[in-house]
Chemist: 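Please see the structure below; I have some questions.
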Amino acid sequence: MSGPKYKRVVLKLSGEALAGESSFGIKPSVIKSIAIQVKEIAELGVEVAVVVGGGNIWRGKIGSEMGMDRATADYMGMLATVMNSLALQDSLEHLGIESRVQTSIEMRQVAEPYIRRRAIRHLEKQRVVIFAAGTGNPYFSTDTTAALRAAEIDAEVILMAKNNVDGVYSADPRIDASATKYEDLSFLDVIKEGLAVMDSTASSLCMDNDIPLIVFSIMEQGNIKKAVMGEKIGTIVRGKN
């Protein structure tokens, strides 16, 4: 059996993925399943960084729609990502996988501040690094965080794990039965057609830095390993044509 196709990856998890079928909170069985899958690839020698969203606890956009100041609402969302990151770290360490949480907003009592060189050193020592608190700035999504961190640490690919779809479709397959699944796309296609893969800022960052994206379902055990091994899974979005 050949080795992994990718040596260093960024795994992007939405907050909703941690909630499983629920719309809120963290489902223990789901986060354990994700931790087991991360352990699988870490034990293959893959250097793993993780970016976790916070939508299962709080969404800044919803807060602003309620009349809350957008920046305040976004900062609350950043704190939600820290909660998710600590939960994932705990689950990983219960499986014997050493990990570090690094936050863009300093909170030294619970996590390290984000320092690029330190993050890379952790990865080289085979520690899983979990990037929390987004970019540290309001108005930026955790998709953008994943693209930015991937560029900063020289990751070879972003693995975008979804909990409700198994790739990129022409429309929402849960609503439109005629929606077709794409196997291969460019970020330019994603931006032009307005496909709901990641926001335009994140897509542009990936395109400019030639970072491919693999979109797949997290709900099937073993999918992260399949993606890392280079098996045909989900949809691949390429940095450049």
Side-chain angles (χ1 to χ4, degrees), residues 1-14 17 34-53 85 88 92 97 99 102 116 119-120 122-124 126-131 134-135 141-163 165-168 181-191 195-241:
M1 184 178 178
S2 60
K5 181 178 180 179
Y6 305 104
K7 173 66 176 172
R8 181 178 293 170
V9 305
V10 169
L11 173 64
K12 170 61 173 69
L13 296 168
S14 66
I34 293 169
I36 289 169
Q37 292 188 67
V38 171
K39 179 181 180 179
E40 279 183 338
I41 63 171
E43 289 179 340
L44 292 173
V46 178
E47 297 172 4
V48 188
V50 185
V51 174
V52 189
S85 297
L88 179 59
L92 285 168
I97 299 297
S99 61
Q102 290 197 342
R116 175 181 170 270
I120 291 171
H122 286 320
L123 292 169
E124 290 171 345
Q126 293 298 306
R127 296 169 182 152
V128 174
V129 181
I130 306 168
F131 297 124
T135 65
S141 69
T142 51
D143 285 350
T144 299
T145 305
L148 178 62
R149 297 289 181 254
E152 287 181 304
I153 67 171
D154 296 318
E156 297 169 86
V157 67
I158 298 173
L159 308 177
M160 181 163 279
K162 298 284 190 179
N163 69 323
V165 289
D166 61 350
V168 182
K181 181 181 174 182
Y182 297 104
E183 292 189 356
D184 203 313
L185 285 168
S186 72
F187 281 106
L188 204 55
D189 294 329
V190 169
I191 295 169
L195 299 173
V197 181
M198 52 176 22
D199 61 70
S200 58
T201 303
S203 295
S204 296
L205 261 173
C206 288
M207 182 170 64
D208 292 345
N209 292 283
D210 198 16
I211 304 168
L213 173 75
I214 301 174
V215 184
F216 61 96
S217 170
I218 191 66
M219 302 311 288
E220 185 179 331
Q221 191 73 25
N223 270 358
I224 297 177
K225 183 178 179 181
K226 288 178 183 177
V228 164
M229 297 302 290
E231 293 185 34
K232 202 170 184 62
I233 182 174
T235 302
I236 184 164
V237 187
R238 302 185 187 278
K240 292 178 181 175
N241 288 326

Chemist: With distance as the sole test, does Thr235 use its side chain to make a donor-acceptor pair with the main-chain N or O of Tyr182 at under 3.5 Å?
Modeler: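 Pair found, side chain donor or acceptor close to backbone of Tyr182.
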Chemist: Scan Val168, Ile158, Leu159 and name whichever one has a side-chain contact (heavy atoms from CB on, under 4.5 Å) with Leu213.
Modeler: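 Output: one option passes, namely Ile158.
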Chemist: Looking at every heavy atom in both Phe187 and Cys206, which two are closest together, and how far apart are they?
Modeler: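 Phe187 and Cys206 have their closest heavy atoms at CZ-CB, 3.3 Å.
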Chemist: Measure the CG-OG distance between Leu205 and Ser200 for me, rounded to the nearest 0.5 Å.
Modeler: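 OG of Ser200 is found 10.0 Å from CG of Leu205.
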Chemist: Do Gln37 and Lys226 touch side chain to side chain, with heavy atoms closer than 4.5 Å?
Modeler: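 Of all side-chain heavy-atom pairs linking Lys226 with Gln37, none is under 4.5 Å.
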Chemist: How far apart are the C-alpha atoms of Val228 and Glu40, what are their side-chain angles, what is the distance that settles it, and do they pass the side-chain contact (heavy atoms from CB on, under 4.5 Å) test?
Modeler: CA-CA 10 Å; Val228 164; Glu40 279 183 338; over 6 Å; no
Chemist: Can you measure from CD1 (Ile41) to CD1 (Ile36) and round to the nearest 0.5 angstrom?
Modeler: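 If we round to the nearest 0.5 Å, Ile41:CD1 and Ile36:CD1 are 13.5 Å apart.
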Chemist: Where do Ala49 and Phe131 come nearest, in terms of heavy atoms and distance?
Modeler: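 In terms of heavy atoms, the two residues are closest at CB-CE1, 3.6 Å.
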Chemist: Other residues, nucleotides and ligands only: do more than 12 of their heavy atoms fall within 6.0 Å of CD on Gln126?
Modeler: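 Result for CD/Gln126: enclosed.
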Chemist: What's the shortest heavy-atom distance between Gln102 and Ala119, and which atoms?
Modeler: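 Taking every non-hydrogen atom into account, OE1-CB, 3.4 Å.
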Chemist: Can you name the closest pair of heavy atoms from Ile233 and Ala227 and give their distance?
Modeler: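 Closest approach of Ile233 to Ala227: CG2-CA, 3.9 Å.
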Chemist: Only counting residues at least two apart or in another chain, list the ones meeting salt bridge (charged side-chain N to carboxylate O under 4.0 Å, His left out) with Glu152.
Modeler: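 In terms of salt bridge (charged side-chain N to carboxylate O under 4.0 Å, His left out), with neighbours along the sequence ignored, Glu152 is linked to Arg149.
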Chemist: Can you check whether Val46 reaches Tyr6 side chain to side chain, under 4.5 Å on heavy atoms?
Modeler: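 The answer is no; the side chains never approach within 4.5 Å.
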Chemist: Might you point out which heavy atoms bring Met160 and Val197 nearest each other, and give the distance in Å?
Modeler: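 Reported closest heavy-atom pair: SD-O, 3.5 Å.
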Chemist: Less than 4.5 Å apart, any side-chain heavy atom of Asp166 and any of Lys181?
Modeler: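 Touching, per the 4.5 Å side-chain cut-off.
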Chemist: Is any side-chain heavy atom of Lys162 closer than 4.5 Å to a side-chain heavy atom of Val215?
Modeler: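 The answer is yes, as the side chains (C-beta and beyond) meet within the 4.5 Å cut-off.
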Chemist: Are any non-hydrogen side-chain atoms of Met229 and Pro4 less than 4.5 angstrom apart?
Modeler: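 They are in side-chain contact.
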Chemist: Surrounding NZ of Lys5 (heavy atoms of other residues, nucleotides or ligands, distance under 6.0 Å), is the total greater than 12?
Modeler: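 No - once you tally the heavy atoms of other residues, nucleotides and ligands closer than 6.0 Å, there are 12 at most.
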Chemist: Once rounded to the nearest 0.5 Å, what's the spacing between atom NZ of Lys232 and atom CD1 of Ile214?
Modeler: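 CD1 of Ile214 is found 10.5 Å from NZ of Lys232.
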Chemist: Kindly compute the distance separating OG (Ser203) from CD1 (Ile191), expressed to the nearest 0.5 Å.
Modeler: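 Answer for the OG-CD1 pair, Ser203 versus Ile191, is 5.0 Å.
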Chemist: Under the side-chain contact (heavy atoms from CB on, under 4.5 Å) rule, what do Ile130 and Leu92 come out as? Steps first, then yes or no, please.
Modeler: CA-CA 11 Å; Ile130 306 168; Leu92 285 168; 4.1 Å; yes
Chemist: Could you tell me if the side chain of Val10 sits less than 4.5 Å from the side chain of Ile153, heavy atoms only?
Modeler: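 In short, these two side chains touch, coming nearer than 4.5 Å.
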Chemist: To the nearest 0.5 Å, what is the distance between CD1 (Ile34) and CG (Asn223)?
Modeler: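 It is 12.0 Å, given to the nearest 0.5 Å.
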Chemist: Rounded at 0.5 Å granularity, tell me how far NZ in Lys225 sits from CG in Leu44.
Modeler: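 Answer for the NZ-CG pair, Lys225 versus Leu44, is 5.5 Å.
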Chemist: Backbone N or O of Gly134 within a donor-acceptor pair of the Thr142 side chain at under 3.5 Å?
Modeler: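 Judged by distance alone, no pair lies under 3.5 Å.
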Chemist: Ignoring hydrogens and geometry, is there a side-chain-to-backbone donor-acceptor pair from Glu47 to Lys7 under 3.5 Å?
Modeler: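 Looks like no, no N/O pair under 3.5 Å.
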Chemist: Is there a side-chain contact between Met198 and Val237 (heavy atoms, below 4.5 Å)?
Modeler: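 The answer is no, as the side chains (C-beta and beyond) never meet within the 4.5 Å cut-off.
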Chemist: Can you check whether Ile224 reaches Ile218 side chain to side chain, under 4.5 Å on heavy atoms?
Modeler: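 Side-chain contact under 4.5 Å: yes.
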Chemist: Please identify each residue that fulfils side chain to side chain contact (heavy atoms under 4.5 Å, CB included) with Asp199, with sequence neighbours left out.
Modeler: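 So Asp199 forms a side chain to side chain contact (heavy atoms under 4.5 Å, CB included) with Ser141, Asp143, Thr144, Thr201, Ala202.
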